[in-house]
Amino acid sequence: MEITTTLGEFIVARQSEYPDASGELSALFSAIRLASKIVHREVNKAGLADISDSVGSKNVQGEEQKKLDVYANEKFKMALAARGVVCGLASEEEENFVLFEEALNMNAKYVVLIDPLDGSSNIDVNVSVGTIFSIYRRASPTGQPVVKKDFLQPGNNQVAAGYVIYGSSTMMVFTTGNGVNGFTYDPSLGVYCLSHPNMQFPDHGRIYSINEGNYIRFRGGVKKFIKYCQEEDPETQRPYTSRYIGSLVSDFHRNLIKGGIFLYPASSQYPEGKLRLLYECNPMAFLAEQAGGRAIVSESKSVLDLVPTQMHQRVPFFVGSRALVDKLEGFLHDYG
Ligand code: P6P
């Protein structure tokens, strides 16, 4: 790949569009970029090192922690603390939010919420995984320790959000509220290069992504939508194609490029839904809307409008091409 624009050049060039031209957000992105390169290196040799095993502990979700989960969490935490531009962090791997107590950090204006390695159960079978991040300005005054309300902000308050997908290539896809851009990592040069400028969800699509093994546990509207996708109708190019990787970042990324809808509904197994609002649904919803798509938790309720109440709150999640989310919404309205 010839060098187009590196991530660093892109951020500097567009710094003038950031609400904070002082370069703090640029430094924050630099920390995320560095940590992602370290995680990329470890993910790509997981099969060789004994790093993909479980550590024998469970996270606050009660999920088995993989060594890479813990490793990725530590690397992002260290990189973000070191730059002095983040005053606190919330993570899927941390029960409570983490204070960055260095004086420099206490005066920092940003908080970061992160799923350091989403889909990590797939590492043992060599399926792509990802990091998801979400950035807010702190809600409480600078110069004092962050408090819970700094993290329980509605998704509409996000300053920036993105993901890193560790797949056949490693890519960083992010938004600062001015559209979505994708950068592919070139390990031989150690830089991310702009490869997918101005990413947009196709208005329509033929892919639906849902764990159909849970069909019997879904409510009527979701069941009706699944059957709609499976009906024969050449005019609307149905039946659609079912594609489900079981790694949110991978399913989202494919649908962003090809068009489609991802669904993780509430069910009898997960009455509130499985995915976490703060560091999975909100950042992906911000990206989706910036890319011309939609993200809802239920009929006419946008993910980004929700005011969170808990750090690890789960919500139903429907995200993707506008026409497909609209269609699903109709079934949720008619059938619940
Ligand atoms: P299920 C991975 O564990 C994850 O949090 C998301 O990345 C993924 O979309 C979802 O769970 C898969 O869940 O129940 O279908 O295995």
Side-chain angles (χ1 to χ4, degrees), residues 32-33 35-40 42-44 46 51-52 54-55 58-77 79-80 89-95 112-135 151 155 158 160-175 180 182 185 209-211 243-256 262-264 270 273-288 295 303 311-320:
I32 291 174
R33 182 176 59 200
S36 73
K37 293 179 185 179
I38 296 170
V39 173
H40 157 90
E42 295 309 312
V43 164
N44 278 279
I51 196 164
S52 59
S54 298
V55 291
K58 292 185 184 295
N59 62 19
V60 65
Q61 332 286 337
E63 292 167 344
E64 207 173 69
Q65 282 184 304
K66 298 286 185 181
K67 287 181 182 174
L68 266 178
D69 277 330
V70 175
Y71 180 87
N73 190 56
E74 288 310 311
K75 292 307 171 190
F76 277 96
K77 201 161 44 170
L80 288 165
L89 173 124
S91 167
E92 180 185 71
E93 302 305 326
E94 303 276 354
E95 181 159 1
V112 176
L113 297 90
I114 192 165
D115 183 353
L117 209 61
D118 177 70
S120 55
S121 56
N122 290 307
I123 288 173
D124 301 349
V125 295
N126 211 4
V127 168
S128 54
V129 292
T131 297
I132 309 172
F133 60 90
S134 172
I135 302 168
F151 301 94
Q158 290 176 95
Y163 59 82
V164 181
I165 179 169
Y166 310 97
S168 49
S169 67
T170 289
M171 276 191 70
M172 184 181 298
V173 176
F174 73 90
T175 181
V180 177
Y185 183 51
S209 310
I210 186 168
N211 185 340
R243 287 284 183 275
Y244 191 73
I245 298 171
S247 173
L248 171 60
V249 170
S250 307
D251 282 313
F252 182 95
H253 186 72
R254 180 204 51 243
N255 292 353
L256 172 58
F262 172 90
L263 307 90
Y264 208 105
Y270 290 108
K274 177 184 182 186
L275 300 182
R276 291 77 171 187
L277 174 59
L278 267 59
Y279 39 79
E280 289 176 330
C281 301
N282 267 333
M284 301 311 259
F286 189 22
L287 286 165
V303 174
M311 297 295 289
H312 301 287
Q313 176 176 351
R314 298 174 190 267
V315 291
F317 190 47
F318 309 103
V319 62

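Values reported hereafter were calculated over all heavy atoms of this structure, with side chains retained and with hydrogens, waters and symmetry mates removed. Sequence positions, counted from 1, serve as the residue numbers for this chain.
- We find the OG-CG distance between Ser91 and Leu278 to be 11.5 Å, quoted to the nearest 0.5 Å.
- Residues passing the salt bridge (Lys or Arg N to Asp or Glu O under 4.0 Å) test with Asp251 are Arg254, sequence neighbours excluded.
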Does Val39 form a side chain to side chain contact (heavy atoms under 4.5 Å, CB included) with Val164? I'd like the steps, not just the answer. CA-CA 10 Å; Val39 173; Val164 181; over 6 Å; no
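- A heavy-atom distance below 4.5 Å is not found between the side chains of Val129 and Val249.
- Contact of the Asn282 side chain with the Val303 side chain is registered, since non-hydrogen atoms from C-beta on lie closer than 4.5 Å.
- Without hydrogens or angle criteria, Gln158 side chain to Gly155 main chain gives a donor-acceptor distance under 3.5 Å.
- With sequence neighbours excluded, the residues forming a side chain to side chain donor-acceptor pair (under 3.5 Å) with Thr131 are Tyr166, listed by chain and number.
- In this structure, the side-chain contact (heavy atoms from CB on, under 4.5 Å) partners of Lys77, at least two apart in sequence or on a different chain, are Asn73, Glu74, Leu89, Glu94, Val98, Phe100.
- Contact of the Ile38 side chain with the Tyr71 side chain is registered, since non-hydrogen atoms from C-beta on lie closer than 4.5 Å.
- Looking only at distances, no side-chain donor or acceptor of Glu93 sits under 3.5 Å from a matching main-chain atom of Pro116.
- For the pair Leu263 and Phe318, the minimum side-chain heavy-atom distance is below 4.5 Å.
- A donor-acceptor contact shorter than 3.5 Å links the side chain of Ser247 to the backbone of Ser128.
- Checked against side chain to side chain donor-acceptor pair (under 3.5 Å), Thr170 has the following partners two or more places apart in sequence or in another chain: His40.
- A distance of 12.0 Å separates CG of Leu277 from CZ of Arg314, quoted to the nearest 0.5 Å.
- Separation of atoms CD1 (Ile123) and CD (Glu42) is listed at 11.0 Å; rounding is to 0.5 Å.
- Between Phe133 and Phe76 the shortest side-chain heavy-atom distance does not fall below 4.5 Å.
- Taking the salt bridge (Lys or Arg N to Asp or Glu O under 4.0 Å) definition, one finds that Arg243 meets it with nothing, sequence neighbours left out.
- A distance-only check finds no donor-acceptor pair linking the side chain of Asp118 to the backbone of Asp115 [under 3.5 Å].
- Ring-plane geometry between Phe262 and Tyr244 is classed as parallel, the angle between the planes falling under 30 degrees on a 0 to 90 degree scale with a further cut at 60.
- Between Phe317 and Ala295 the shortest heavy-atom distance is CE1-CB, 4.2 Å.
- Considering only residues two or more places apart in sequence or on other chains, Tyr163 meets the side chain to side chain donor-acceptor pair (under 3.5 Å) condition with His253.
- Rounding to the nearest 0.5 angstrom, the gap separating the CD1 atom in Ile245 from the CG atom in Asn211 is 13.0 Å.
- Side-chain contact between Phe252 and Val173 is absent, with no heavy atoms from C-beta onward closer than 4.5 Å.
- By the side chain to side chain donor-acceptor pair (under 3.5 Å) test, Asn255 pairs with Ser209, sequence neighbours left out.
- Residues Leu68 and Ser120 fail the side-chain proximity criterion, which asks for heavy atoms closer than 4.5 Å.
- For the pair Val112 and Phe151, the tightest heavy-atom approach, listed with the atom from each and the gap, is O-CE2, 4.1 Å.
- When all heavy atoms of Met311 and Tyr279 are compared, the pair lying nearest together is O-CE2, 3.8 Å.
- To the nearest 0.5 Å, the span separating NZ on Lys37 from NZ on Lys75 amounts to 15.5 Å.
- Here salt bridge (Lys or Arg N to Asp or Glu O under 4.0 Å) pairs that include residues 279-288, with residues two or more places apart or in two chains, are Arg276-Glu280.
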